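Quick notes on the structure that follows.
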Amino acid sequence: MRLRLVTWNVNSVRLRMEQVARFVDEAAPDVIAMQEIKCQEGEFPRAAFEAIGFPHLKIAGQKGWHGVAIASRLPIEDAQPLSVCREGHARCVSAKVAGIEIQNFYIPAGGDVPDRTVNPKFDHKLDFYEKLTAEMKRRDPKAPLILTGDLNVAPGENDVWSHKQMSRIVSHTPVEVEAMEGLKASLGFIDLPREAVPEPQKLYSWWSYRAADFRKSNRGLRLDHILASPGLREAAFATGKVVSKVHDDVREWERPSDHAPVSADFQI
């Protein structure tokens with residue numbers, strides 16, 4: 001069976017419900033891990049998700065800010081929740097689908113100043129990475145695990161529009177890149193979108209609203225990630241290569257999120 005998982009920072013699930021429905025119709029995902037749903041659990045559009053064939057939901061909501069959710073065509077089982085956000089924000093939600101543990105995160109952006117001694121938001125971001133990395137080091141790499149979400153770091157030189165300029169800007173500074181690499185190394189995670197689109201090709205999943213034409217300026221960042229444990233290598237490479245895609249056409253739709261959905265397929 002093919003399982004298509006999508007991560008998508010929807011930037012308000014209630015505002016983007018029409019786009020979600022269209023995307024489900026066109027891309028046929030099986031599981032959607034969403035970030036920045038920007039609503040409380042009771043405000044989540046459950047009926048609309050049921051109508052498009054996603055009746056199984058795990059929601060961690062918060063009034064007006066943050067919030068994460070996992071929507072699935074297939075039944076959901078509980079998975080161990082990870083309390084790695086020291087501020088208690090709704091930034092983590094977990095589920096198990098078809099025997100695969102899914103951990104969905106919205107990691108803090110980190111503010112404007114890349115110095116944890118003077119910027120509490122940046123310190124929170126690095127603390128989040130440190131706690132998550134420590135947790136992953138305790139895990140069994142053979143267990144099927146997907147770590148996904150808006151991780152708010154563009155790790156590679158070709159994950160940003162300008163490595164030179166962005167190296168001084170939060171999201172691509174050396175300390176953040178090091179934190180991301182430490183997370184990947186903790187369990188030997190496979191970076192599926194990068195496996196599908198190898199270096200040195202540029203690969204972005206976010207473009208600022210400030211550009212009138214995001215394709216023309218193309219000042220993008222790859223902030224949205226799907227990381228698979230070694231236990232899922234066979235499922236991810238079942239066709240001989242990884243099937244993963246940034247659905248950047250969605251960024252062209254009316255009233256889009258500034259993030260595009262990112263998908264990866266598994267044969268289970």
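Excluded from the calculations below are hydrogen atoms, water molecules and symmetry mates; all remaining heavy atoms, backbone and side chain alike, are included. If you're wondering where the values come from, they're calculated on a predicted model, not measured in any experiment.
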Checklist entry - Hey, mind stepping through Asn218 and Trp207 against side chain to side chain donor-acceptor pair (under 3.5 Å) and telling me if it holds? => result CA-CA 7 Å; Asn218 204 27; Trp207 295 263; 3.2 Å; yes

Checklist entry - Given the rule in the side chain to side chain contact (heavy atoms under 4.5 Å, CB included) test, do Ile32 and Ile70 qualify, once you have shown the distances and angles that lead to the verdict? => result CA-CA 6 Å; Ile32 309 174; Ile70 297 172; over 6 Å; no

Checklist entry - Can Thr7 and Gln35 be said to form a side chain to side chain donor-acceptor pair (under 3.5 Å), step by step? => result CA-CA 8 Å; Thr7 181; Gln35 306 85 42; 3.0 Å; yes

Item to check | Worked check of side chain to side chain donor-acceptor pair (under 3.5 Å) between Asn158 and Gln201 | outcome: CA-CA 6 Å; Asn158 295 300; Gln201 298 177 70; over 6 Å; no

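Between atom CE of residue Met136 and atom CG of residue Leu187 there is a gap of 7.0 Å, rounded to the nearest 0.5 Å. For the atom pair NE2 of His225 and CG of Asp191, the computed distance is 7.0 Å after rounding to the nearest 0.5 Å. A distance of 10.0 Å separates CG of Leu227 from CZ of Phe105, quoted to the nearest 0.5 Å.
Every pair passing ring-ring contact (aromatic ring centres under 6.0 Å, His included) that includes a residue from residues 72-96 is listed here, sequence neighbours excluded: His66-His89, His89-His124. Evaluation of the ring-ring contact (aromatic ring centres under 6.0 Å, His included) test over residues 146-176, restricted to residues two or more places apart or in two chains, returns His163-His172.
Heavy atoms only, all atoms of each residue included: Tyr129 and Leu151 are closest at OH-O, 2.8 Å. Closest heavy-atom contact between Leu145 and Gln103: CD1-CG, 4.0 Å. Here the closest non-hydrogen pair linking Glu195 and Pro198 is O-CD, 4.1 Å. Among all heavy-atom pairs drawn from Leu203 and Pro193, the shortest one is CD2-O, 3.7 Å. Minimum interatomic distance between Leu223 and Ser205 (heavy atoms only, all atoms of both residues): N-OG, 3.1 Å. Smallest separation of non-hydrogen atoms from Asn152 and Lys125: O-NZ, 2.6 Å.
Looking at heavy atoms from C-beta onward, Arg219 lies out of side-chain contact with Arg210 at the 4.5 angstrom threshold. Counting heavy atoms from C-beta on, the side chains of Trp8 and Asp224 never come closer than 4.5 Å. Looking at heavy atoms from C-beta onward, Tyr204 lies out of side-chain contact with Asp159 at the 4.5 angstrom threshold. For the pair Phe49/Pro55, no side-chain contact is recorded, criterion being any heavy-atom separation below 4.5 Å from C-beta on. Looking at heavy atoms from C-beta onward, Ile146 lies in side-chain contact with Phe266 at the 4.5 angstrom threshold. No side-chain heavy atom of Ser94 sits under 4.5 Å from any side-chain heavy atom of Glu101.
For the salt bridge (charged side-chain N to carboxylate O under 4.0 Å, His left out) with Glu135, the qualifying choice from Lys131, Lys137, Arg138 is Arg138, the only one to do so. Results of the salt bridge (charged side-chain N to carboxylate O under 4.0 Å, His left out) test with Asp265 over Lys241, Lys245, Arg4 single out Arg4 as the only residue that passes.
Note on Lys121 versus Asp112: no salt bridge recorded, every NZ/NE/NH1/NH2 to OD/OE distance being 4.0 Å or above. Looking at Arg46 and Glu41, a side-chain N of the basic residue comes within less than 4.0 Å of a carboxylate O on the acidic one, giving a salt bridge. Here Arg215 pairs with Asp248 in a salt bridge; the nearest charged N to carboxylate O distance falls below 4.0 Å.
Every side chain to side chain contact (heavy atoms under 4.5 Å, CB included) that His56 has, sequence neighbours left out, goes to Ser72, Pro75, Ile76. For Arg73, the salt bridge (charged side-chain N to carboxylate O under 4.0 Å, His left out) partners two or more places apart in sequence, or in a different chain, are Asp30. For Glu43, the side chain to side chain contact (heavy atoms under 4.5 Å, CB included) partners at least two apart in sequence or on another chain are Arg14, Cys39, Gln40.
Taking the six-membered ring for Trp and the full ring otherwise, the centers of Phe214 and Tyr209 sit at least 6.0 Å from each other.
With a 6.0 Å cutoff to the six-membered ring centre and a 45° limit on the axis angle, Arg22 counts as a cation-pi contact of Trp253.
Here Val177 is tied to no hydrophobic group at all, with no ILVMFWY side chain closer than 4.5 Å.
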